[in-house]
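Predicted model, so just to flag it, every value in this text is computed and none were measured. Every number for a ligand or one of its atoms is a count from 1 in the order of the listing.
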Amino acid sequence: MTQPRRVILLGSTGSIGESTIEVVRNLQAVPGQECQLVGLAAGSRADRLLEQAGEFGVRDIAVANEAKARDIAFDGTLHVGAESARELVESVAQPGDLVVAAIVGSAGIDAVLAAIDAGCDIALANKETLVAAGALVMPRVVERGVNLIPVDSEHSAIFQCLHGVSKEAEIRRLVITASGGPFRGRAREAVREATPEQALDHPTWSMGPKITIDSASMMNKALEVIEAHWLFDVPADKIDVIVHPQSIVHSFVEFVDGSVLAQLGPPDMKTPIQCAMTWPDRVEGCSKRLNWEELRSLVFEPLDHEAFPAVMRALDVIRRGGTTGAIFNAANEVAVEAFLDRRVSFGAIVDLVSAAIEAIPSKPVTALADIVEADTAARAFVASEIAAGNGLENVVTSGTSGTD
Ligand code: NDP
Ligand code: MG
């Protein structure tokens, strides 16, 4: 009998983490696809992490938040602190293991690099890793001969459509679909005034708070455009975004001969997670199915770049290269946090990110230190802009609940 595949799940307590746990449970019932969770990492939700470790008999866990880790009684190896996910990978990972990277933000970069160095395959949900550090990650994947398979639904779609395509010259363009988020159809000024409650109310996807805000600002699509550039090695002028409110067509690839391939499915992340975990095999899934009886129409419309300027900024980030991606990502992370704390307006998010990429010079990326330096500079820049009162227009301080 073949051994179950060893899996390390980083970000196990989040939205993708919990969906991955469901997929792991599903795969236990599929002969030849059994998984053994051998490491789990989380940020603060230590109680849930312990439950997961208990259910799957995991002996090695990591908790980033030191205060939350203090009271943990765990009969195994517990890594604690900001470096804990990377330490977990370094101590547990073996060549051929699968690491599911589902930490949110640039906090996930280190652990992904460590996993590649350890010879692990990566199922990558953490898009910020490629946005900030694609220049380091992609060459290292090739050098170490590991597989990096996207989990982000749009990139999973493109990955599946590109299966068997070896020449970039055959691709006319990649078309990334966007739900349009809760503010689709709103004019620029109305979008800029949105409250956190309105921005957190996503029409089609249920996700963690940071990516939900990114979806409302279209920053998620911006990050995905940069992610696609790194994953599929295509230039900015071959990447487009189109709004598709039902989130059923997850993306398209247009080929030079006029053929267009798309991948469809209901908006359920368990499908791309399982696809990444079993690739190139396909086995019985545990996500919702498309109901063709109910499906009547699929709507597509152009993105309103005036109301949502983030995607244009992203194309510019690709063209500028170097550490611009790290600056773009870190500035956004700080701005989103400030928006959720009601310290800046919704419209200020993209303004602060744009100001950061103009103010901080881009440098070539040769080592992780270049990314860390750019990330730190961008965080300091945005924090000082906020402290100076920039980005405060239309900040909503009341707790009115948002219905879109
Ligand atoms: P969540 O906020 O739901 O979960 C984030 C996870 O990361 C949690 O387990 C959290 O732990 C953990 N975490 C946060 N900071 C650290 C840290 N410093 N060290 C270790 N673990 C940490 O986010 P999502 O699951 O929604 O998203 C995860 C990633 O996947 C993001 O990069 C997102 O862009 C991407 N993604 C998500 C999709 C979705 O549908 N949700 C779709 C496509 C991509 P804790 O909760 O315990 O603090
Ligand atoms: Mg996506």
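The closest protein non-hydrogen atom to atom 28 (C) of ligand 1 is Ala102 O, 3.3 Å. Ranking protein heavy atoms by distance to atom 9 (O) of ligand 1, first place goes to Thr13 OG1, 2.7 Å. Distance from atom 16 (C) of ligand 1 to its nearest protein heavy atom, with residue and atom name: Ile103 CG2, 3.8 Å. For atom 14 (C) of ligand 1, the nearest protein heavy atom (residue, atom name, distance) is Val104 CG1, 3.9 Å. The nearest protein atom to atom 43 (C) of ligand 1, hydrogens excluded, is given as Asp152 OD1, 3.1 Å; this is a heavy-atom distance. The single protein non-hydrogen atom nearest to atom 48 (O) of ligand 1 is Ser44 N, 2.8 Å, given as residue, atom name and distance.
The distance criterion of under 3.5 Å between nitrogen or oxygen atoms is not met by Met269 with respect to ligand 1. Considering backbone and side-chain atoms alike, Gly11 places an N or O below 3.5 Å from some N or O of ligand 1. Below 3.5 Å of separation, one finds an N or O of Ile16 facing an N or O of ligand 1. Residue Ser153 has no N or O atom closer than 3.5 Å to an N or O atom of ligand 1. Ligand 1 has no N or O atom lying under 3.5 Å from any N or O atom of Trp205, backbone or side chain. Considering backbone and side-chain N/O atoms, Gly208 comes within less than 3.5 Å of an N/O atom of ligand 1. Not a single N or O atom of Ser206, backbone or side chain, sits closer than 3.5 Å to an N or O atom of ligand 1. For a threshold of 3.5 Å applied to N or O pairs, the pair formed by Met207 and ligand 1 contains no separation below that value.
Only the side chain of Ile211 comes within contact range of ligand 1, with a heavy atom under 4.0 Å; no backbone atom does. Contact annotation for Ala125 and ligand 1: heavy atoms of both the backbone and the side chain come within less than 4.0 Å of the ligand. Here Glu128 has side-chain heavy atoms under 4.0 Å from ligand 1, and that is the only part of it that gets that close. Contact annotation: for Ala64 versus ligand 1, heavy atoms closer than 4.0 Å belong to the side chain alone.
The 12-atom threshold is exceeded at CG of Asp281, counting heavy atoms of other residues, nucleotides or ligands nearer than 6.0 Å. The environment of NZ in Lys363 is sparse: at most 12 heavy-atom neighbours from other residues, nucleotides or ligands sit within 6.0 Å.
Comparing heavy-atom distances from atom 13 (N) of ligand 1 across Ala107, Gly14, Gly43, Gly17 singles out Gly43 as nearest. Considering each of Ser19, Ser15, Ser106, the one bringing a non-hydrogen atom nearest atom 3 (O) of ligand 1 is Ser15.
A ring-centre distance under 6.0 Å is found for Phe346 and Phe183. With ring centers used as reference points, Trp230 lies 6.0 Å or more from His155.
Checking His244 against Gln246 by side-chain atom types alone, a donor-acceptor pair falls below 3.5 Å. Looking at Arg313 and Thr324, their side chains never bring a donor and an acceptor atom within 3.5 Å of each other.
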Asn126 vs Glu128, test: side chain to side chain donor-acceptor pair (under 3.5 Å). Steps then yes/no. CA-CA 6 Å; Asn126 175 231; Glu128 295 90 346; 2.8 Å; yes

Check the pair Arg45, Gln52 against side chain to side chain donor-acceptor pair (under 3.5 Å), reporting the backbone distance first and the verdict last. CA-CA 11 Å; Arg45 284 176 270 189; Gln52 293 172 336; over 6 Å; no

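Between His250 and Ser156, every side-chain heavy-atom pair lies at or beyond the 4.5 Å cut-off. In this structure, Asn220 and Ile213 have side chains that are not in contact, with every pair of non-hydrogen atoms separated by 4.5 Å or more. In this structure, the side chains of Val350 and Asn332 stay at 4.5 Å or more apart for every pair of heavy atoms.
Between Ser12 and ligand 1 there is a heavy-atom distance shorter than 4.0 Å. Within the structure, the closest approach of Lys127 to ligand 1 falls below 4.0 Å when heavy atoms are considered.
Judged as a salt bridge (charged side-chain N to carboxylate O under 4.0 Å, His left out), the pairs with a partner in residues 103-113 (not counting sequence neighbours) are, in order, Arg86-Asp110.
For the Mg ion (ligand 2), protein N, O or S atoms closer than 2.8 Å were enumerated as Asp152 OD1, Glu154 OE1, Glu224 OE2, with waters left out.
Salt bridge annotation for Glu294-Arg289: absent, with no cationic side-chain nitrogen under 4.0 angstrom from a carboxylate oxygen. For Lys127 and Asp214, the salt-bridge test fails: no basic side-chain N is under 4.0 Å from an acidic carboxylate O. Salt-bridge check for Arg25 with Glu22: failed, with every basic side-chain N at 4.0 Å or more from each acidic carboxylate O. With salt bridges taken as basic N to acidic carboxylate O contacts below 4.0 Å, one links Lys221 and Glu154.
Annotation: the span from Leu98 atom CG to Cys120 atom SG amounts to 8.0 Å, rounded to 0.5 Å.
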